[in-house]
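Comments concern the structure below.
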Amino acid sequence: MNTAARITRWSWLPAALAGFFLWLGVAASAAAATRTWTGAAGDGKASTPGNWIPNGAPDDTDDILLDSTSSSNLTWDAAATNLVASWLQTTGYAGTVTVATVYYGKGTFTNFTIAGDCTISNGVWTHRDNSTTESNKLDLAVNGDLTVDSNGVIRADGLGYDTGYGPGAPQGGAAHGGSYGGIGGWHIGTPSSSLGGTYGSVITPTNIGSGGGNNGGVSGGGAIRVAVAGALALNGTISANGAGATRTGSGGSVYIRASTIGGGGIIRANGGPGAEAGGAGGRVAVALSGGDFSAF
């Protein structure tokens, strides 16, 4: 059993826009300079000066470039700036960018802001794994346009609660799938009363997915929140699926706010497929401040 995420779609009223743009942050500086990722220092951290050309950790005036110079993985860690001028990730970059944003109360790096445009033509964006508590998420604000090309991926698959943990985890370690937007799969021979329940907001989903039951269970999906002041052109994939195995985790959450959305890409937060009990779907919500869907 593999249950797809529940999707909510609506448009914002103009009066809501002021708070939206206030949350997104400040505009790009006119003095921006390009800083190219090399990963030469070997620790994979954005805050390490030796990982960039020219040498130096990025600041809020820099345009960030990831290209064929290096495809080493990059972690945008909490010690790095939480604001950059723009982001260009070309087809020459094939690595993974881990944005170390956390939930409120779990640290200071709660959201990453790009003041101008962001383009992800290749490679993967993700967040750090969770375990027994809700700690890590991907929280991105783009003050310009966001483009995710066909080979670009924003992914939080299997990064939610571990086996047996989360509000929707089966009770008592029962052999069921995890629940979130719906109820997880029920393993025959195990009481259905031990199934986990649904949780979280339908309109603004931000929770991670719950793990499946013990003895063969796996993690739920993570959490992705993306706010775009301009247009989102999505031809790649944004996903927060639960992991698949015997008793699988639920899907996580994807929450997108944008002026308009176009393209032929994929947004999903599916429950993991299970040999005995599949996880439930997570939650997906898309809010539009202007226009409508195009080509979806």
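As a basis for the values below, the full set of heavy atoms in this structure was taken, side chains included, without hydrogen atoms, waters or symmetry mates.
- Considering only heavy atoms from C-beta on, Y103 comes within 4.5 Å of I208 through its side chain.
- At distances below 3.5 Å, not a single donor-acceptor pair connects side-chain atoms of S239 with backbone N or O atoms of R268.
- A distance-only check finds no donor-acceptor pair linking the side chain of N122 to the backbone of G92 [under 3.5 Å].
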- Give the intermediate values and the outcome of side-chain contact (heavy atoms from CB on, under 4.5 Å) for residues V226 and L146. CA-CA 9 Å; V226 179; L146 172 61; 3.7 Å; yes

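- Between the side chain of S250 and the backbone N or O of S210 there is at least one donor-acceptor pair closer than 3.5 Å.
- In this structure, N136 contributes its side chain and H127 its backbone to no donor-acceptor pair below 3.5 Å.
- Using a 4.5 Å cut-off on side-chain heavy atoms (C-beta onward), I64 and W52 make contact.
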- Query: Can D139 and Y104 be said to form a side-chain contact (heavy atoms from CB on, under 4.5 Å), step by step?
  - Reply: CA-CA 11 Å; D139 199 324; Y104 288 100; 5.6 Å; no

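- The minimum heavy-atom distance linking P170 with G177 is given by the pair CG-O, 3.8 Å.
- Taking both residues in full, the closest heavy atoms of A46 and P58 are given as O-CD, 3.3 Å, listed atom of the first, atom of the second, then distance.
- No continuous path of ILVMFWY side-chain contacts below 4.5 Å connects L65 to W76, so the two sit in separate hydrophobic clusters.
- In terms of the side chain to side chain donor-acceptor pair (under 3.5 Å) criterion, residue partners of S121 (sequence neighbours excluded) are, by chain and number, D149.
- Applying the salt bridge (charged side-chain N to carboxylate O under 4.0 Å, His left out) test to every pair with at least one member in residues 33-52, sequence neighbours left out, gives these pairs: R35-D62.
- Between I261 and L288 there is a side-chain heavy-atom pair separated by less than 4.5 Å.
- In this structure a side-chain-to-backbone donor-acceptor pair under 3.5 Å is present from R283 to Y199.
- Under the 4.5 Å side-chain contact rule for hydrophobic residues, L140 and V254 share a cluster.
- Counting only heavy atoms from C-beta outward, the side chains of S135 and V102 never approach each other to under 4.5 Å.
- Defined by atom type and a distance below 3.5 Å, a donor-acceptor pair is missing between the side-chain atoms of T69 and Y93.
- Between the side chain of Y161 and the backbone N or O of G221, no donor-acceptor pair lies under 3.5 Å.
- Among residues two or more places apart in sequence or in another chain, the side chain to side chain contact (heavy atoms under 4.5 Å, CB included) test is passed with A231 by D145, T260.
- T119 places none of its side-chain heavy atoms less than 4.5 Å from the side chain of Q89.
- Both I267 and L232 are members of a single hydrophobic cluster when ILVMFWY side chains are connected at heavy-atom separations under 4.5 Å.
- T113 and N111 form a side-chain donor-acceptor contact under 3.5 Å, judged by distance and modelled atom types alone.
- Summarising the geometry, atom CG belonging to N143 is positioned 12.0 Å from atom OG belonging to S86; distances are rounded to the nearest 0.5 Å.
- Between the OG1 atom in T90 and the CG atom in D67 there is a gap of 5.0 Å [rounded to 0.5 Å].
- Under the 3.5 Å distance criterion, the side-chain polar atoms of S219 are left unmatched by any main-chain donor or acceptor of G211.
- Distance check: I114 CD1 to D60 CG gives 13.5 Å after rounding to the nearest 0.5 Å.
- Of all heavy-atom pairs spanning A223 and T206, the tightest one is CB-O, 3.6 Å.
- Between the side chains of S131 and D162, no donor-acceptor pair is found at a separation under 3.5 Å.
- Note on ring orientation: taking the six-membered ring where Trp is involved, the planes of W125 and W87 are perpendicular (angle over 60°, cut-offs 30° and 60°).
- The side chain to side chain donor-acceptor pair (under 3.5 Å) check on S70 picks up S72, with sequence neighbours excluded.
- Judged by distance alone, the side chains of N207 and E134 do bring a donor and an acceptor atom under 3.5 Å apart.
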- Query: Run the side-chain contact (heavy atoms from CB on, under 4.5 Å) check on N151 and T91 step by step: do they pass?
  - Reply: CA-CA 8 Å; N151 290 323; T91 56; 5.8 Å; no

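- For the atom pair OG1 of T38 and CG of L66, the computed distance is 10.0 Å after rounding to the nearest 0.5 Å.
- When the side chains of ILVMFWY residues are joined at heavy-atom separations under 4.5 Å, either directly or via intervening members, V142 and F112 end up in a single hydrophobic cluster.
- Partners of S201 by side chain to side chain donor-acceptor pair (under 3.5 Å), not counting sequence neighbours, listed by chain and number: T204.
- The nearest pair of heavy atoms linking A269 to G252 is CB-O, 3.6 Å.
- Taking hydrophobic clusters as Ile, Leu, Val, Met, Phe, Trp and Tyr residues chained together by side-chain heavy-atom distances below 4.5 Å, V97 shares a cluster with V228.
- Remark: side-chain polar atoms of T101 are paired, donor with acceptor, to backbone N or O of K137 under 3.5 angstrom.
- Between D77 and S47, the side chains place a donor N or O and an acceptor N or O closer than 3.5 Å (distance only, hydrogens not considered).
- Once rounded to the nearest 0.5 Å, the distance linking CD1 of I203 with OH of Y255 reads 9.0 Å.
- Within 6.0 Å of OH on Y165 lie no more than 12 heavy atoms contributed by other residues, nucleotides or ligands.
- Listed by chain and number, the residues in a side chain to side chain donor-acceptor pair (under 3.5 Å) with N130 amount to none (sequence neighbours excluded).
- Proximity of a side-chain donor or acceptor of W37 to a complementary backbone N or O of S71 within less than 3.5 Å is not detected.
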- Task: Go through T110 and T108 one step at a time and tell me if the side-chain contact (heavy atoms from CB on, under 4.5 Å) criterion holds.
- Result: CA-CA 6 Å; T110 55; T108 59; over 6 Å; no

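- To the nearest 0.5 angstrom, L138 atom CG is 10.5 Å from R225 atom CZ.
- Distance alone, capped at 3.5 Å, places no donor-acceptor pair between the T237 side chain and the V153 backbone.
- Across S179 and G184, no two heavy atoms sit closer than the pair OG-N, 2.8 Å.
- Side chains of Y180 and P205 form a contact here, defined as non-hydrogen atoms less than 4.5 Å apart.
- Each of V99, I224, I256 was checked for a side-chain contact (heavy atoms from CB on, under 4.5 Å) with I154, and the lone residue meeting it is I224.
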